[in-house]
Amino acid sequence: FTSSLTSIVMAATRSLMRRRRLPDAARRQIGVLLTYLAGAILAGGLALWNLTAVALLPLAAVAFALVLNSRRSPRPR
């Protein structure tokens, strides 16, 4: 987490100083960080609402990933 945050800050600073676009790698890291944040907020909300629902969150995430993966077009061989 710390190295990702440091990389994002360094890339953003470089980008601002050079007045260029943020590099794609930094944009990806920001996306991953925001996804992590959303998951933490969701887990916290579920813990306040119903503690057993938190235990089902990883199962739901894996099921969601499997559904998304199955919907992708097949790779050419």
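- Here the side chain of Ser15 pairs a donor or acceptor atom with the backbone of Arg20 at under 3.5 angstrom.
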Residues Arg27, Arg21; criterion side chain to side chain contact (heavy atoms under 4.5 Å, CB included); working and verdict: CA-CA 10 Å; Arg27 294 162 59 106; Arg21 237 179 100 205; 3.6 Å; yes

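- Residues Val67 and Val62 do not share a hydrophobic cluster, defined by chaining ILVMFWY side chains whose heavy atoms lie under 4.5 Å apart.
- What you find for Ile8 and Ala26 is that their closest heavy atoms are CG1-O, 4.3 Å.
- Rounding to the nearest 0.5 Å places CD1 of Ile41 at 9.5 Å from CG of Leu34.
- To the nearest 0.5 Å, atoms OG1 (Thr6) and CD (Gln29) are separated by 10.0 Å.
- Hydrophobic clustering of Ile, Leu, Val, Met, Phe, Trp and Tyr side chains at less than 4.5 Å, counting indirect connections, keeps Leu22 apart from Met17.
- Here the OG1 atom belonging to Thr35 is positioned 11.5 Å from the CD1 atom belonging to Ile30, to the nearest 0.5 angstrom.
- If you take CG on Leu59 and CZ on Phe64, they are separated by 14.0 Å, rounding to the nearest 0.5 Å.
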